[in-house]
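Read through the structure below, which is laid out as C-alpha coordinates, and then see the notes.
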Amino acid sequence: MAEVDLDINNHSYRVACEDGQEQRLHNLAVYLDSHVKHLADSLGQIGEARLMLLASLTICDELLEIKDARMREADELAPGALREANTALEDATNRLNLLAEAL
(Lines give C-alpha, C1' and ligand atoms only; values in the text may rest on other atoms or scores of the structure.)
Protein backbone atom coordinates (compact mmCIF):
# COMPACT_ATOMS: atom_id res chain seq x y z
CA MET A 1 0.00 0.00 0.00
CA ALA A 2 1.42 3.37 -1.04
CA GLU A 3 1.18 6.67 0.80
CA VAL A 4 0.86 10.07 -0.82
CA ASP A 5 1.28 13.55 0.66
CA LEU A 6 -1.46 15.83 -0.58
CA ASP A 7 -1.54 19.60 -0.18
CA ILE A 8 -4.98 21.15 0.11
CA ASN A 9 -5.45 24.77 1.19
CA ASN A 10 -1.84 24.95 2.38
CA HIS A 11 -2.30 21.91 4.64
CA SER A 12 -0.53 18.63 4.04
CA TYR A 13 -2.40 15.33 4.35
CA ARG A 14 -0.82 11.89 4.15
CA VAL A 15 -3.21 9.43 2.52
CA ALA A 16 -2.84 5.73 1.80
CA CYS A 17 -3.82 4.34 -1.59
CA GLU A 18 -3.33 1.25 -3.70
CA ASP A 19 0.00 0.93 -5.44
CA GLY A 20 -0.10 2.63 -8.82
CA GLN A 21 -2.87 5.04 -7.83
CA GLU A 22 -0.57 7.77 -6.50
CA GLN A 23 -0.79 10.04 -9.54
CA ARG A 24 -4.57 9.69 -9.76
CA LEU A 25 -4.92 10.61 -6.09
CA HIS A 26 -2.59 13.56 -6.57
CA ASN A 27 -4.70 14.77 -9.54
CA LEU A 28 -7.86 14.48 -7.46
CA ALA A 29 -6.24 16.50 -4.67
CA VAL A 30 -5.21 19.22 -7.12
CA TYR A 31 -8.80 19.40 -8.36
CA LEU A 32 -10.17 19.59 -4.80
CA ASP A 33 -7.55 22.17 -3.85
CA SER A 34 -8.60 24.41 -6.75
CA HIS A 35 -12.18 24.36 -5.48
CA VAL A 36 -11.12 25.02 -1.89
CA LYS A 37 -8.88 27.91 -2.95
CA HIS A 38 -11.66 29.41 -5.06
CA LEU A 39 -14.03 29.26 -2.09
CA ALA A 40 -11.38 30.64 0.27
CA ASP A 41 -10.80 33.54 -2.13
CA SER A 42 -14.56 34.21 -2.27
CA LEU A 43 -15.51 33.59 1.35
CA GLY A 44 -12.25 33.94 3.25
CA GLN A 45 -10.75 31.34 5.54
CA ILE A 46 -14.01 30.21 7.16
CA GLY A 47 -12.47 27.09 8.65
CA GLU A 48 -10.95 24.03 7.10
CA ALA A 49 -13.97 21.79 7.69
CA ARG A 50 -16.41 24.27 6.15
CA LEU A 51 -14.18 24.90 3.14
CA MET A 52 -13.82 21.15 2.57
CA LEU A 53 -17.57 20.65 2.97
CA LEU A 54 -18.45 23.44 0.54
CA ALA A 55 -15.85 22.26 -1.98
CA SER A 56 -17.17 18.70 -1.72
CA LEU A 57 -20.74 19.89 -2.25
CA THR A 58 -19.64 21.94 -5.26
CA ILE A 59 -17.91 18.92 -6.79
CA CYS A 60 -20.93 16.71 -6.06
CA ASP A 61 -23.12 19.29 -7.81
CA GLU A 62 -20.85 19.14 -10.87
CA LEU A 63 -21.05 15.35 -10.86
CA LEU A 64 -24.83 15.29 -10.59
CA GLU A 65 -25.16 17.83 -13.42
CA ILE A 66 -23.01 15.58 -15.63
CA LYS A 67 -25.02 12.49 -14.67
CA ASP A 68 -28.31 14.30 -15.33
CA ALA A 69 -27.06 15.47 -18.73
CA ARG A 70 -26.06 11.92 -19.64
CA MET A 71 -29.46 10.61 -18.57
CA ARG A 72 -31.16 13.24 -20.76
CA GLU A 73 -28.92 12.24 -23.68
CA ALA A 74 -29.75 8.57 -23.14
CA ASP A 75 -33.47 9.39 -23.04
CA GLU A 76 -33.17 11.33 -26.29
CA LEU A 77 -31.25 8.49 -27.97
CA ALA A 78 -33.55 5.73 -26.75
CA PRO A 79 -36.48 6.33 -29.16
CA GLY A 80 -34.12 6.37 -32.16
CA ALA A 81 -32.41 3.23 -30.99
CA LEU A 82 -35.76 1.50 -30.50
CA ARG A 83 -36.87 2.48 -34.01
CA GLU A 84 -33.65 1.08 -35.46
CA ALA A 85 -34.04 -2.14 -33.51
CA ASN A 86 -37.67 -2.51 -34.65
CA THR A 87 -36.67 -1.91 -38.26
CA ALA A 88 -33.89 -4.50 -38.02
CA LEU A 89 -36.32 -7.03 -36.49
CA GLU A 90 -38.89 -6.38 -39.21
CA ASP A 91 -36.24 -6.84 -41.91
CA ALA A 92 -35.07 -10.08 -40.33
CA THR A 93 -38.67 -11.32 -40.03
CA ASN A 94 -39.34 -10.53 -43.69
CA ARG A 95 -36.20 -12.40 -44.77
CA LEU A 96 -37.14 -15.39 -42.63
CA ASN A 97 -40.64 -15.40 -44.13
CA LEU A 98 -39.16 -15.32 -47.65
CA LEU A 99 -36.85 -18.22 -46.78
CA ALA A 100 -39.76 -20.17 -45.28
CA GLU A 101 -41.85 -19.66 -48.43
CA ALA A 102 -38.92 -20.72 -50.61
CA LEU A 103 -38.53 -23.93 -48.63
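Quick caveat: nothing in here was measured; it's all calculated off a predicted structure. One is the number of the first residue; the rest follow in order along the sequence.
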So which pairs with a foot in residues 25-46 pass ring pair (Phe, Tyr, Trp, His ring centres under 6.0 Å), sequence neighbours left out?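 Applying ring pair (Phe, Tyr, Trp, His ring centres under 6.0 Å) to every pair that reaches into residues 25-46, excluding sequence neighbours, yields Tyr31-His35.
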
Please enumerate all residues that pass side-chain hydrogen bond (donor to acceptor under 3.5 Å, both in side chains) together with [X], with sequence neighbours excluded.
X	answer
Gln21	none
Asn10	none
Gln23	Asn27

Quick one: side chain to side chain contact (heavy atoms under 4.5 Å, CB included) partners of Leu54, sequence neighbours excluded?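 Result, side chain to side chain contact (heavy atoms under 4.5 Å, CB included) vs Leu54: Leu39, Leu43, Ile46.
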
Quick test of your reading: applying salt bridge (charged side-chain N to carboxylate O under 4.0 Å, His left out), list the pairs with at least one residue in [range], sequence neighbours left out, ordered by first then second residue.
range	answer
residues 88-97	none
residues 57-72	none
residues 10-34	Glu3-Arg14, Asp5-Arg14, Asp33-Lys37

As an exercise, state the distance from OG of Ser34 to CD1 of Ile8, rounded to the nearest 0.5 Å.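 Reported to 0.5 Å precision, the distance equals 10.0 Å.
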
Identify the heavy atoms of Leu25 and Cys17 that sit nearest to each other, and give their distance.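 Closest approach of Leu25 to Cys17: CD2-CB, 3.8 Å.
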
Which ILVMFWY residues are connected to Leu57, directly or by a chain of links, through side-chain heavy atoms under 4.5 Å apart?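 Reading the cluster by chain and number, Leu57 sits alongside Leu53.
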
How does the hydrophobic cluster around Ile66 look, that is, which other residues are in it when side-chain heavy atoms under 4.5 Å mark a link?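 The other cluster members (ILVMFWY side chains, heavy atoms under 4.5 Å, direct or chained): none.
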
When you compare the side chain of His11 with that of Leu6, does any pair of heavy atoms fall below 4.5 Å?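 Sidechains of His11 and Leu6: no contact.
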
Flag yes if Val30 and Val4 sit in one hydrophobic cluster, no otherwise; membership is Ile, Leu, Val, Met, Phe, Trp, Tyr, and two members link when side-chain heavy atoms are under 4.5 Å apart.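 No; tracing contacts between hydrophobic side chains, which count when under 4.5 Å, never links both residues.
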
